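Start at 1 and go down the list; that is how both ligands and their atoms are numbered. Keep in mind it's a predicted model, so treat the numbers as computed, not measured.
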Amino acid sequence: MTSAILPTYARADVAFEKGEGAWLVSRRGERYLDFGAGIAVNSVGHSHPHVVAALVEQAGKLWHTSNLFEIPEGERLAQRLVDATFADRVFFTNSGAEANEGAIKMARRWQHVNGRPERYRILTFEGAFHGRTLATIAAGGQKKYLEGFGPKVEGFDQVPFGDHEAMRAAIGPETAAILVEPIQGEGGIRPVPHQCLRGLRALCDEAGLLLIYDEVQTGVGRTGKLFAHEWAGPEARPDIMTVAKGIGGGFPMGAILCTEEAGSALAPGTHGTTFGGNPLAMAVGNAVLDVVLADGFLEDVRRTGLLLKQRLAALRDRHPDVIEEVRGEGLMIGLRCRVPNGDLVSAMRDQKMIGIAAGDNVVRLLPPLIVRDEETAEALRRLEAACVALEQASAAAPTAAVAGAR
Ligand code: PLP
């Protein structure tokens, strides 16, 4: 079928019309177990009654006023985020890339207002993904996203993933900040060791840099802590953190969280957004936070994540020709594959289960955080069937996927 939509995505041949918790129902009436959550977005599952009620209630009252007026729902959400994190201030955005753009501007401007305008460069790790705007593709530094889009935006340097000494060596008189994902998501669920995060904090303190975490994918409970860097303790706290995806549970929104010091760089008039923080988004954000901050919720994510990981480790042992490694934290899990990862994603889809391909030949499992034990057990049954189907296909055609990848 020809489509009027620009073909920037290779879409699977299925459309969904309804979602319930960890399940999606296709237009053909098939039920899919959703372990992709719209790429780590549907944090509290599909159609969560509390979030739906908040959205509907706000939709009947007021959607948008612009940031020229006070927005009490936004004040409340910002205060709750501040109370729950390292941050003193919040700026709301519509997406992860917009949050990262703002964080980059904040870091550069902070150096500028502190008398160091020559410090504008940002250091990142190879394999990073920070979005699709001109600055964020430069920050990610990946050729496949940069190619053909003109000169790379100046001021971004990549160092090998997790290499502390390379990071130290890359700091120069023009460096303003370090920007990293505590666990690389698109890069293939690659956790930065906790020691390394603490080391980055120390490097920033020594050199007068700001430390920025991109928690767009790792945040809002995904790893079993509200934010993933918390696993590394207070010695790893950032100056700035970007959030999106799960914070709106499917409603497009994001945020920049920062310390008073870092945020002081953006005085009135220096940065803005038309839609960011509008009453509708804020009502949804508050409702999502009600769920995620409820007693026992994050403990449950940790417990479910551990259970899932144990079951997946056993699956890997049963199917070593398909799955090489299980890694990640909480409900952000990567299966490094011995077959092409796209083959496993397709085989899972044949079993009516959704997973998402990532770099480093990984399939990501990112279920809604409300996923129940019986659903993780069902996920394992479907994954097992997918592995068996791939093995049988390879036995029938020995040059195919499994044997070929060995
Ligand atoms: N940062 C990270 C770590 C991401 O995973 C993503 C999206 O996948 C982004 C930024 C970009 O977010 P958005 O697509 O909302 O602009």
Side-chain angles (χ1 to χ4, degrees), residues 6 8-10 36-43 91-107 122-142 144-146 149 153 156 158 161-162 177-192 197 200 211-223 227-229 238 240-257 273-277 281 284-285 288 328-334 354-360 362-366:
L6 205 63
T8 54
Y9 284 89
I39 323 182
V41 167
N42 304 104
S43 46
F91 179 95
F92 290 111
T93 69
N94 302 282
S95 70
E98 189 193 352
N100 282 330
E101 284 274 339
I104 291 162
K105 285 177 70 180
M106 186 184 284
I122 314 262
L123 295 168
T124 64
F125 279 144
E126 286 170 2
F129 184 82
H130 299 296
R132 299 293 201 123
T133 61
L134 287 171
T136 55
I137 57 175
Q142 298 198 41
K144 63 181 174 185
Y145 299 129
L146 284 161
F149 293 113
V153 170
F156 297 93
Q158 285 77 42
F161 179 80
I178 294 175
L179 163 62
V180 297
E181 299 155 81
I183 302 176
Q184 285 190 348
E186 303 297 312
I189 313 292
R190 296 206 292 170
V192 178
L197 291 180
L200 293 179
L211 180 59
I212 310 171
Y213 289 144
D214 177 341
E215 292 239 21
V216 166
Q217 194 159 149
T218 51
V220 197
R222 175 58 50 194
T223 67
F227 291 101
H229 71 269
I240 306 173
M241 175 173 75
T242 57
V243 186
K245 291 189 182 276
I247 194 173
F251 195 95
M253 64 176 289
I256 306 167
L257 275 65
T273 176
T274 296
F275 294 116
V284 174
V288 169
E329 192 71 70
L331 289 171
M332 184 174 187
I333 298 183
I354 296 170
I356 299 179
D360 202 27
V362 160
V363 172
R364 276 174 287 177
L365 301 181
L366 305 162

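At a 4.0 Å heavy-atom cut-off, ligand 1 touches E186 through the side chain alone. Contact annotation: for T242 versus ligand 1, there are no heavy atoms closer than 4.0 Å. With a 4.0 Å heavy-atom cut-off, ligand 1 is reached by the side chain of K245 but not by its N, CA, C or O.
Of all atoms in ligand 1, listed by their number and element, those nearer than 4.0 Å to a heavy atom of S95 are 15 (O), 16 (O). Atoms of ligand 1 lying under 4.0 Å from any heavy atom of G96, numbered from 1 in the order shown and given with element: 12 (O), 13 (P), 15 (O), 16 (O). Near A97, meaning under 4.0 Å from any of its heavy atoms, are these atoms of ligand 1: 11 (C), 12 (O), 13 (P), 16 (O). The atoms of ligand 1 that sit less than 4.0 Å from any heavy atom of V216 are 1 (N), 2 (C), 4 (C), 6 (C), 9 (C), 10 (C), 12 (O). Atoms of ligand 1 found under 4.0 Å from any heavy atom of G131, numbered from 1 in the order shown, are 10 (C), 11 (C). Near E181, meaning under 4.0 Å from any of its heavy atoms, are these atoms of ligand 1: 3 (C). Interface of F129 with ligand 1, defined as ligand atoms under 4.0 Å from a residue heavy atom, comprises 1 (N), 2 (C), 3 (C), 4 (C), 6 (C), 7 (C), 8 (O), 9 (C). When each atom of ligand 1 is checked for a heavy atom of N100 under 4.0 Å away, the hits are 1 (N), 10 (C).
Salt bridge status for R190 with E181: absent, with no side-chain N to carboxylate O gap under 4.0 Å.
Taking the side chain as every heavy atom from C-beta outward, Q217 and E186 approach each other to under 4.5 Å. Side-chain contact between T93 and T273 is absent, with no heavy-atom pair separated by less than 4.5 Å. Side-chain contact between V288 and F251: absent, with no pair of heavy atoms (C-beta onward) separated by less than 4.5 Å. Inter-residue side-chain proximity for K245 and V220 is flagged as unmet; no heavy-atom pair is nearer than 4.5 Å. Side-chain contact between P191 and E329 is absent, with no heavy-atom pair separated by less than 4.5 Å. Counting heavy atoms from C-beta on, the side chains of Y213 and V180 come closer than 4.5 Å.
Enclosure of atom CZ in F275 is not indicated, since only 12 or fewer non-hydrogen atoms of other residues, nucleotides or ligands lie within 6.0 angstrom.
The shortest heavy-atom distance from D214 to ligand 1 is under 4.0 Å.
Close N/O approach between Q217 and ligand 1 is found [any backbone or side-chain N/O within under 3.5 Å]. Checked by distance only, ligand 1 and A244 stay at 3.5 Å or farther apart across all their nitrogen or oxygen atoms.
When distances from atom 14 (O) of ligand 1 to the protein are checked, no heavy atom turns up under 4.0 Å.
Closest heavy-atom contact between L179 and A139: CD2-CB, 4.2 Å. Between A107 and A177, the shortest heavy-atom distance links the atoms CB-CB, 3.8 Å.
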